[in-house]
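Both counts, for ligands and for their atoms, begin at 1 and track the order of listing.
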Amino acid sequence: MLESSLDKFEKIKYNIKKIQENIYNAAIRSGRNPEDIKLLAATKTVEPAIINYAAENGIKIIGENKAQELLEKYDSIDKTKCEIHFIGHLQTNKVKQIINKVSLIHSVTSVKLANEISKQAKKAQKQMDILLEVNIANEESKDGFTKEEIKEKALQISRLDNINIKGLMIIPPKSNFKGQNNKYFNEAYKLAFDIIDKKVYHDSNCCLSMGMSNDYLDAIACGADIIRIGCGIFGARKYV
Ligand SMILES: *Cc1c(COP(=O)(O)O)cnc(C)c1O
């Protein structure tokens, strides 16, 4: 079947299948177990009917960017088929709204935010799994811990009662050609495994969330555990 003749839903199904194949092959090429690499569908601006269709066709994790958008969609998302992660900028005063709705927060960018997550998790009588976001390319437009401070901040945050640090997340600059972000992926790997004390991780292992539509194959080769794909699955986003 010609790719261009597929309708919107068929196209999404095709994209998921193709990406899963690509993940499998990239893992094998790197001597990794394909099952260790998780595909997260980044679903900002994607409506619940489409999210649920993706979940029926192999997507087991979705990632939302905004508390408000997550709340609006939450009841319509079929939670029996997929778990929800939070991947966007999180304001301290929104933590309360999402604490019981997500299983992993990728985007913890300050000790203050971590404190609030721990506080709200305690109220909700749960442990919240988080990743610490590192501003790996030192971009002014991006949040995240600096490479210089992450070691100390990770240790500080790991002492909070109701938080489990599962690993690190990075968002490097948009990549336009193969290998462009490898230096950042390698740096993140090094930070995660050589620089940060293993004790700060809940599982004494580190989960690395890195790689998007344009560079996920490179990210896998560099050690990514969760890749986050938006337009590669759903097509280009239209922002209103
Ligand atoms: C949108 C988004 C992605 C996916 O980006 P694509 O280029 O559409 O694959 C991944 N991570 C975060 C944090 C995002 O906001």
Side-chain angles (χ1 to χ4, degrees), residues 8 11-12 14-23 26 37-48 50-51 54-55 58-70 72-73 77 82-91 94 98 101-110 113 117 129-137 139-145 166-182 184-185 188 207-240:
K8 182 165 137 188
K11 182 85 207 250
I12 289 168
Y14 172 92
N15 289 342
I16 294 170
K17 201 159 174 294
K18 193 79 205 148
I19 290 167
Q20 286 171 332
E21 278 172 24
N22 291 345
I23 293 171
I37 296 149
K38 291 183 177 154
L39 168 60
L40 172 153
T43 47
K44 52 178 173 274
T45 78
V46 178
E47 57 191 273
I50 294 178
I51 294 176
I59 293 300
K60 298 194 178 71
I61 310 171
I62 65 155
E64 284 287 338
N65 284 68
K66 292 188 177 143
Q68 186 58 37
E69 187 176 337
L70 169 58
E72 283 163 15
K73 293 178 187 175
I77 295 171
C82 63
E83 58 177 295
I84 306 176
H85 291 184
F86 197 85
I87 62 173
H89 175 71
L90 181 56
Q91 287 168 280
K94 299 283 169 64
I98 67 153
K101 298 190 166 57
V102 299
S103 55
L104 180 67
I105 301 174
H106 291 229
S107 42
V108 175
T109 52
S110 70
L113 177 59
I117 293 170
D129 290 344
I130 65 162
L131 305 178
L132 303 175
E133 182 174 345
V134 180
N135 188 353
I136 200 77
E139 291 173 275
E140 230 167 89
S141 60
K142 280 181 190 147
D143 285 329
F145 296 100
K166 292 285 187 170
L168 305 183
M169 183 265 231
I170 61 162
I171 312 176
K174 184 173 189 290
S175 75
N176 301 306
F177 55 87
K178 189 169 158 35
Q180 187 179 345
N181 277 333
N182 283 5
Y184 297 125
F185 296 144
C207 167
L208 269 177
S209 168
M210 60 186 191
M212 316 202 328
S213 296
N214 283 352
D215 54 18
Y216 68 97
L217 294 177
D218 289 335
I220 291 169
C222 296
D225 301 292
I226 306 180
I227 54 165
R228 310 178 309 265
I229 310 236
C231 53
I233 294 173
F234 302 108
R237 282 178 290 277
K238 288 184 212 80
Y239 289 100
V240 278

*Asks:* If you measure from CD1 on Ile117 to CG on Leu90, what distance do you get to the nearest 0.5 Å?
*Replies:*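 It comes to 5.5 Å.
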*Asks:* Specify side chain, backbone, both or neither for Ala42, according to which of its non-hydrogen atoms lie closer than 4.0 Å to ligand 1.
*Replies:* side chain
*Asks:* Within a distance under 4.0 Å of any heavy atom of Arg228, pick out the atoms of ligand 1 and give their elements.
*Replies:*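 Checking each atom against Arg228, I get 4 (C), 9 (O), 10 (C), 11 (N), 12 (C), 13 (C).
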*Asks:* Regarding Glu64 and Lys73, does a basic nitrogen lie under 4.0 Å from an acidic carboxylate oxygen?
*Replies:*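 Salt bridge flag = yes for Lys73 with Glu64.
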*Asks:* With a cut-off of 4.0 Å, which atoms of ligand 1 are near a heavy atom of Ile171?
*Replies:*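 This gives 13 (C) as the contact atoms.
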*Asks:* For the NZ atom on Lys142, are there more than 12 heavy atoms of other groups (residues, nucleotides or ligands in this structure) within a distance under 6.0 Å?
*Replies:* yes
*Asks:* Rounded to the nearest 0.5 Å, how far apart are CD1 of Ile226 and CG of Leu104?
*Replies:* 5.5 Å
*Asks:* Can you tell me if Asn65 and His89 form a side-chain donor-acceptor pair at under 3.5 Å?
*Replies:* no
*Asks:* Specify side chain, backbone, both or neither for Lys44, according to which of its non-hydrogen atoms lie closer than 4.0 Å to ligand 1.
*Replies:* side chain
*Asks:* Using a strict 4.0 Å cut-off to heavy atoms of Asn65, name the atoms of ligand 1 that fall inside it.
*Replies:* 14 (C), 15 (O)
*Asks:* Side chain, backbone, both or neither: which applies to Asn214 and ligand 1 if a contact is any heavy-atom pair less than 4.0 Å apart?
*Replies:* neither
*Asks:* CD1/Ile19 to CD1/Ile233 distance, rounded to the nearest 0.5 angstrom?
*Replies:*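 So the CD1 of Ile19 and the CD1 of Ile233 are separated by 4.5 Å.
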*Asks:* Which bit of Ile87 gets closer than 4.0 Å to ligand 1, counting heavy atoms only: side chain, backbone, both or neither?
*Replies:*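 Both of them.
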*Asks:* Which ligand 1 atoms are under 4.0 Å away from a heavy-atom of Ile229?
*Replies:* 9 (O)
*Asks:* At less than 4.0 angstrom from any non-hydrogen atom of Cys231, what atoms of ligand 1 do you find?
*Replies:*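 In order of numbering, the contacting atoms are 6 (P), 7 (O), 8 (O), 9 (O).
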*Asks:* What I want to check is whether the side chains of Gln91 and Lys94 have a donor and an acceptor closer together than 3.5 Å.
*Replies:*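 On atom types as modelled, these side chains qualify, holding a pair under 3.5 Å.
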*Asks:* Examine Gly230 against ligand 1 and note whether any of their N/O atoms are separated by less than 3.5 Å.
*Replies:*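 Between Gly230 and ligand 1, an N or O pair is found under 3.5 Å apart.
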